[in-house]
> 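Okay, handing you the structure first.
Naming: A, B, ... by sequence-line order, numbering from 1 per chain.
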Amino acid sequence: MKTKFSIFDNSNHSINWWVLVPAILLAVFGVIMVYSASCYNAEKNFGNAFYYADKQLIGLILGILALTFCYFVDYKFLAKLKYWALGLGILLLLIVFIPGIGIESYGAKRWIGFGSFSFQASEVAKFCLILFCAGYMAEHQQSVQKFKGILPVLLAGGVMCVLIMLEPNMSITLCVGAVCLIMLLVGGARIKHLVMLSIPVMALIPVLIFLEPYRIKRLMAFLDPWASPQGEGFQLIQSLFSLGSGGWFGVGLFQSRAKYSYLPFSESDFIFSIIGEELGLVGAILVLLVFGVLIFSGYKIAIKANTRFGCLLAVGITSVLAVQVVLNVAVVTGLVPPTGLPLPLISAGSTSLVVFLGAIGILLNISRQSAVNKFHTAENPFGKKWKLTKKVSTQK
Amino acid sequence: MPQTEYSIYSLQKRLLAILGIVAFLFLCLFGKLFWVQIIQGKTLQTKAISQWTRDLPLAGLRGSILDRNGNTLASSYTSYDVYVRGSNITNPSEVALFLSELLGLDYDTIEEKASKKNVSESLIARQVSESAVKAIINKDLDGIYITETSTRQYPYSNLLSSVLGFCTIDNIGQTGLEAYYNKYLTGINGYTMTESDITGLELSNATTSFVAGVAGCSIELTIDVEIQKIVENVLAKIMVEQQSKGASVIIMNPKTGEIVAMASKPSFDLNNPPRDNTELLMSLSKNSLITDVYEPGSTFKLFTLAAALSEGITSVDEKFYDPGFRIVDGDRIKCWKTTGHGSQTLVEGVCNSCNSVFVDLGLRLGVDKLYSALTSYGIGSATGVDFSGESSGIMMNKASVKNVDLARISFGQAVAVTPLQMITSVCGILNGTLYEPRFIKSITTNGVKKEFTSVSKGQTVDQSVSKQILEIMEQVVSKSDGLYSFVPGYRIGGKTGTAQKYENGAVASGKYVSSFVGCWPVEDPEYVMLLCVDEPSAGQYYGSLVAAPYAKEIFAGIFSYLEIEPTNLKEDLEKLEPTVEVPNLVGYPLMQAIEQLVKLDLQYVIDGENGTVLEQSIPAGQKVFKKAIISLKT
């Protein structure tokens, strides 16, 4: 039964359905909603109602392939790639600034494009950072309790945050920052250090806001969107119109009115408004509950992971998902100031979908290995397996 | 491994804490979603629908304006606005060619509008006729849209222009009664609501709903259009014959305050106001009879007379002597007839319009009594007419009125009134009760009619005083003033006035307002008329010569319209029998000429400062009636 460590681990195919089913459900549902939200504009602008839906469907297929691949790859192998991953993440974020390859859109350089193919660098980079953090902290689990020990993680996170901020993309920066924080917390950093760290970061946020005039406008628009219904407040008002029209059970699938060019980014950042409009409060909450199941299962996998690396990786992946879902829905409902952030697995964007599904594959792999090697007992939930992990990694 | 144990223990706890935070945040999201979708849902949905649909108005026709006998003065008919929506047009040049030919518009402008893809409707033409719209519908081109609107029309075009006023192109009352009664006249627009995208493009499966418009109330005025026509014809004649800057008439019923006719020249075509010339438009659309003041001159003497008779400080038989002036506090106040009227009774004094008599009366009354009388007649305060921008006239501050001022006010100087105020107050003293003047008779909507009643502003003078004034006014018309306003067979009362105009605070030489107030029938007046001629420049300026003859024409016209039979016609006609032959006066010394005329029972006015007659207005040898006025140029 015990095979030598190899990249592909074919030992047992025990699938965690509590992760797979919600993830696939959301991704398929996403394709349908992307079609619904985008069909009018797609027909109008590209002469093809399925323009976005087709891309999303391709993303779904590639994503399932990625998921399958990651499911079969031993995640422990990824720990070795942590520095490569960090390098790749930073490289991608730098490429964005190279004219010709980096694509500027809506005043921000966020995309890397080759021909007709383009993707958002930060979508990949954030997972690279997670991989690095998990790998590094698993390897140096004692030293993270000292401030010096968490410095490499902070440095990696800080560089990425600065680069993303330069695009600029405040929402992803916040998201990456939050995920970093969660990972440090779970990784064993002392709360005292984190609090000390948080103070200057918190102080930086208002500075960043006031650095860019459009952020102040957005903030004001958030506080009172009706003050500028045609200007900064427009998007939020359209989102609220859309949600408000949904009521309890919605206007019916495909029946949204806001999607007729009223709500900008209805197929991507604001797709949740369309969900709320077409399927009502009941539908919206149901979608959030499915996300909830996924997130809960993700953290459960982290707790049950049989390696420290697996645990931290699961925490990172699940946290990205959780932070993005919460932030996205908070934006569309007007709970926080508007900022562009896709809803994971659902919003149009094939890179994001492929990457997330791939990450789900990793989660499933972590889950499978912990299920196969049941090292946990009631008395000693995490067992002595940390040592084993260390051994495995040092052996290599 | 204490550190490891610590880390394992804390990891689980910390993960649970994070899970707790996520769960809490999810609950916050549920709460916010409930707030937005359920609590605020209806409000947001209402706003959303108004944004998600494109509504085009369906005109609710503006109400009609009728005269007192139901003749239409203003009405609206349905017309159509034509729009194009570029996003629905496949062939802009075809649309542009068709519309430019049909509506006689510029091809390029339409083509440009028809080619715009990113905007909602562009307006092509307003208030297009039904026949043109039928042609558009028959052609059945995509992207042309028609909305219902309405066009205001005034069947009498120039008639009553400054009173009726006009509307904006959007049928909102802009001036005159159209503006004053706008909220009653305005119809409530209906609309069609069509589901559309943000650019106004109709959805393929759009539903359209209709809400019909509601017509505005129709209003009936106190104006009698037939009398108005008579008045305006005469005014046009004045403008030509007297070469005056303006001419105006108000006719009012003293028993009710109803304005029967109100006209001023120059006028303009209400169907086609000079919208491009703002300055001209402003000056034409102003109703100067209500908004502007003038110095009334001798017609104002009626008020001094009424006050004096009421206070009992004089009687009709009292004798006054006029040497041609009065000295008041060292100031010499001239009578218009500088040679003086000599000895005369009060009645004769009114007939002669002798300033000295009224100086005496004014000084006898004193400031307090004269002012309180004038105030009760309505002088110094707005009449309250149903018209915007009314002026309340100008009266000197009572405290600063010196005797000299009092003397001048008594014969109509140093005071300014609006023509409407003047006639309203005259009505007040002739009727005994002062009424608010008004244009409105009734408002009707859906068969429900609201009649307006007269608003009394209190008693002015006793009936006996009114009667005395009326008798004196009749004498003015039938025995003096050259009988210029005398209509044989009808008992008319009147009083002329000639006032100098002021410009920048100084008397403008050669500029006068000649006026006449008249009433009929003297027994119990139903019609009171004020006729003003502004700056006559055809040679004469005395009210008796410039205003009275036209007042007579208007009265004669009214009598014929109302089919009122004359009484004592024969006797009256005798008065006008040309029995006196006019002598040659040219070349004679003025005093001799006057002596001759007085002997022949003719009246005269003098124009000039010299002692020799240079010209006479009626040539020698022509036969005239007794009391006729001959103007002598020296």
> Is there side-chain contact between Leu289(A) and Phe30(B), with heavy atoms separated by less than 4.5 Å?
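The answer is yes; the side chains approach within 4.5 Å.
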> Between Tyr260(A) and Ser196(B) (side chain of the first, backbone of the second, donor and acceptor by atom type, cut-off under 3.5 Å), is there such a pair?
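It does not hold such a pair.
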> Are more than 12 heavy atoms, taken from residues, nucleotides or ligands other than Tyr107(B), located less than 6.0 Å from that residue's OH atom?
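Count over threshold, so yes.
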> Hey, what's the ring geometry for Trp52(B) with Tyr262(A), parallel, tilted or perpendicular (30° and 60° as the breaks)?
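The arrangement is tilted - the two ring planes meet at 30° to 60°.
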> Quick check against the 3.5 Å criterion: does Arg14(B) have a side-chain atom that pairs as donor or acceptor with the backbone of Leu185(A)?
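Yes, Arg14(B) side chain to Leu185(A) backbone: donor-acceptor pair under 3.5 Å.
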> Which one, Lys44(A), Arg257(A), Gln238(A), Lys259(A), leads in non-hydrogen pairs under 4.5 Å with chain B?
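When all of Lys44(A), Arg257(A), Gln238(A), Lys259(A) are compared, Arg257(A) has the most.
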> Decide if atom CZ of Phe98(B) counts as having more than 12 heavy atoms of other residues, nucleotides or ligands within a radius under 6.0 Å.
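More than 12 within 6.0 Å, yes.
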> So, for Ser261(A) and Asp197(B), which heavy atoms are closest and what is the spacing to 0.1 Å?
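What the structure gives for the nearest pair is OG-OD2, 4.0 Å.
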> Between Tyr40(A) and chain B, with a heavy-atom cut-off of 4.5 Å, which part of the residue counts as in contact: side chain, backbone, both or neither?
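Side chain of Tyr40(A) only, per the 4.5 Å heavy-atom cut-off to chain B.
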> Look up atom CZ in Phe291(A) and atom CG in Leu29(B), then write down how far apart they are to the nearest 0.5 Å.
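Output value for this atom pair is 11.5 Å.
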> How about NZ on Lys32(B), more than 12 heavy atoms from neighbouring residues, nucleotides or ligands closer than 6.0 Å, or not?
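Yes.
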> Would you mind telling me which of Ile21(B), Leu16(B), Ile38(B) has the largest number of heavy-atom pairs within less than 4.5 Å of chain A?
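When all of Ile21(B), Leu16(B), Ile38(B) are compared, Ile38(B) has the most.
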> Does atom CZ (Phe147(A)) have a neighbourhood of more than 12 heavy atoms from anything else shown, all under 6.0 Å?
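Check passes, neighbour count above 12.
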> For Leu33(B), is it the side chain, the backbone, both or neither that has a heavy atom under 4.5 Å from a heavy atom of chain A?
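Contact with chain A: backbone and side chain both.
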> Assess, by modelled atom type and distance only, whether the side chains of Gln37(B) and Glu277(A) contain a donor and an acceptor separated by less than 3.5 Å.
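Judged by distance alone, the side chains do not pair up.
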> Top residue by heavy-atom pair count (under 4.5 Å) with chain A, among Phe26(B), Trp35(B), Phe34(B)?
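Heavy-atom pairs under 4.5 Å are most numerous for Phe26(B).
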> Heavy-atom pairs under 4.5 Å with chain A are the metric here; pick the option from Ile39(B), Leu25(B), Val22(B), Ile18(B) that has the most.
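Option with the top pair count is Ile18(B).
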> Of the non-hydrogen atoms in Ala302(A) and Leu15(B), which two are nearest, and what is the gap between them?
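That would be CB-CD1, 3.9 Å.
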> If you count the non-hydrogen atoms of other residues, nucleotides and ligands that lie under 6.0 Å from CG in Asn91(B), is the total more than 12?
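Count over threshold, so yes.
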> Between Thr333(A), Val326(A), Leu281(A), which has the largest tally of heavy atom pairs under 4.5 Å with chain B?
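The option with the most such pairs is Leu281(A).
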